[in-house]
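What you are looking at is a predicted structure, and each value in this text was computed from that prediction instead of being measured.
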Amino acid sequence: MITIKKGDTLAFIVRRRDKDNNPLTGDANKLYSQLRNNKDILVADMVITETDVPGDYLFQISSEITKGFDVGQYVFDIEYRNGDLVKSSETFQVKIIKDVTRHV
């Protein structure tokens, strides 16, 4: 489970490798992920970019977007699409908790 505070940036790295542990690059436009609330309502699409490290992809939702989230549990998975091939990861949980310090 990933835990962030309301109004913080949700960001994590996904490392993609083939069966021989070689980095898989150039796939950012084939990866998709959506964050949904406990009522299965879409709250945000994740922005996915390739990093400077071959095979590492940054998944991110900005603090501007997360400040509008309710405190609670959310879910996402990661989908890979390449032509007719579609694969999805396990479902992951994100917990949004109350933020104490708020910049006005």
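With contacts defined as side-chain heavy-atom distances shorter than 4.5 Å, the pair D27/R16 qualifies. Side-chain contact between I2 and K95 is absent, with no heavy-atom pair separated by less than 4.5 Å.
Note on F12: it clusters hydrophobically with Y57, by side-chain heavy-atom contacts below 4.5 Å among ILVMFWY residues. Note on V71 and I41: separate hydrophobic clusters, where clusters join Ile, Leu, Val, Met, Phe, Trp and Tyr whose side-chain heavy atoms are under 4.5 Å apart, directly or indirectly.
The shortest non-hydrogen separation linking A28 to E50 is CB-N, 4.2 Å. The two residues S63 and G7 have their closest heavy-atom pair at CB-O, 3.0 Å. Looking at every heavy atom in both residues, G55 comes nearest to R17 through CA-NH1, 3.5 Å.
Only one option out of L31, V86, L24 pairs with Y80 in a side chain to side chain contact (heavy atoms under 4.5 Å, CB included); it is L31. With I61 as the partner, the side chain to side chain contact (heavy atoms under 4.5 Å, CB included) test is satisfied by one option alone out of L10, T9, D8: L10.
The distance from atom OG of S88 to atom CZ of R81, rounded to the nearest 0.5 Å, is 7.5 Å. Between the CE atom of M46 and the OH atom of Y32 there is a distance of 15.0 Å, given to the nearest 0.5 Å. Distance NZ/K5 to OG1/T101: 7.0 Å, rounded to 0.5 Å. For the atom pair CZ of R36 and CG of L42, the computed distance is 5.0 Å after rounding to the nearest 0.5 Å. Rounded to the nearest 0.5 Å, atoms NZ (K30) and CD1 (I48) are 13.5 Å apart. Separating the CD1 atom in I13 from the CG atom in L58 is a distance of 4.5 Å, to the nearest 0.5 Å.
One N or O on the side chain of N37 and one on the backbone of D40 form a donor-acceptor pair closer than 3.5 Å. Listed for the Q93 side chain is no donor-acceptor partner under 3.5 Å among the backbone atoms of V75. Proximity of a side-chain donor or acceptor of T51 to a complementary backbone N or O of V53 within less than 3.5 Å is detected. Between the K67 side chain and the K6 main chain, no donor and acceptor come within less than 3.5 Å of each other.
Taking a 6.0 Å sphere around CG of D20, one finds it holds more than 12 heavy atoms contributed by other residues, nucleotides or ligands.
A salt bridge links D56 with R15: the closest approach of a Lys/Arg side-chain nitrogen to an acidic carboxylate oxygen falls below 4.0 angstrom.
In this model, a donor atom of one side chain and an acceptor atom of the other lie less than 3.5 Å apart for D45 and Q34.
For F59 and F92, the ring centers sit 6.0 Å or farther from each other.
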